[in-house]
Amino acid sequence: MHASFMVSMLDSALNMMGPDEELLHQLLLELGQKHAKTGVEVDMFPVLGQAIHEALTQVLPAEHFPEHIQQAWRETFHKLSSEMIRGMYLV
């Protein structure tokens, strides 16, 4: 259940980048606060990012996940998770 919510949230976040940047920023801060209240720790984010990256490399054919797309994924995950981490410190 949480995995499908997370995929849905990532999809929404990616669609909001650019046109709704301020709204995305606020949502990520709030999401970070919620995660902090449930015991999520900051050092869990890199582990999750790496796990998702590994899953994508195993599931997607190499021609659909070339190195430049992999790098874009890492940068995007870092940006989104950094905002959530900032929100965790607002609790």
Side-chain angles (χ1 to χ4, degrees):
M1 174 103 162
H2 189 264
S4 62
F5 175 76
M6 191 178 115
V7 170
S8 177
M9 181 63 183
L10 280 172
D11 182 56
S12 294
L14 292 174
N15 287 321
M16 294 173 82
M17 292 182 94
D20 295 316
E21 195 82 24
E22 187 55 40
L23 177 59
L24 175 61
H25 170 76
Q26 189 60 42
L27 290 173
L28 290 171
L29 291 178
E30 291 172 9
L31 191 57
Q33 290 173 332
K34 289 179 185 177
H35 277 70
K37 291 176 183 175
T38 63
V40 172
E41 297 178 12
V42 171
D43 61 352
M44 295 176 177
F45 285 90
V47 175
L48 175 63
Q50 184 62 33
I52 293 171
H53 181 265
E54 288 296 320
L56 291 171
T57 60
Q58 291 178 17
V59 173
L60 296 173
E63 64 269 14
H64 293 294
F65 200 48
E67 182 55 39
H68 72 281
I69 300 294
Q70 291 183 42
Q71 183 60 33
W73 158 252
R74 287 188 288 268
E75 290 172 12
T76 301
F77 183 84
H78 177 74
K79 180 176 181 173
L80 297 174
S81 62
S82 293
E83 286 300 299
M84 286 182 65
I85 290 168
R86 285 183 33 157
M88 292 173 75
Y89 289 109
L90 297 175
V91 174

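Because the structure is a prediction, the values reported are computed rather than measured.
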In one Ile/Leu/Val/Met/Phe/Trp/Tyr side-chain cluster, 4.5 Å: L29, M84: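 No, separate clusters.
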Co-membership, hydrophobic cluster, residues V47 and I52, 4.5 Å side-chain: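 No, separate clusters.
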Pairs touching residues 39-55 that satisfy side chain to side chain donor-acceptor pair (under 3.5 Å), sequence neighbours left out: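 Every pair satisfying side chain to side chain donor-acceptor pair (under 3.5 Å) with a residue in residues 39-55: Q50-E54, H53-Q70, H53-R74.
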Flag for E30-Q26: side-chain donor and acceptor within less than 3.5 Å: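 Yes, E30 and Q26 have a side-chain donor paired with an acceptor closer than 3.5 Å.
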Could you tell me the separation between the [atom1] atom of [X] and the [atom2] atom of [Y], rounded to the nearest 0.5 Å?
X   : Y   : atom1 : atom2 : answer
L27 : L80 : CG    : CG    : 11.5 Å
H78 : E75 : NE2   : CD    : 9.5 Å
L56 : H64 : CG    : NE2   : 13.0 Å
L31 : L24 : CG    : CG    : 10.0 Å
K34 : T38 : NZ    : OG1   : 10.5 Å

Full working for side chain to side chain contact (heavy atoms under 4.5 Å, CB included) between Y89 and V42: CA-CA 10 Å; Y89 289 109; V42 171; 3.6 Å; yes
Salt bridge (Lys or Arg N to Asp or Glu O under 4.0 Å) partners for E21, two or more places apart: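 For E21, the residues satisfying salt bridge (Lys or Arg N to Asp or Glu O under 4.0 Å) (neighbours in sequence not counted) are K79.
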Minimum side-chain heavy-atom gap L48-F77 below 4.5 Å: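 Touching, per the 4.5 Å side-chain cut-off.
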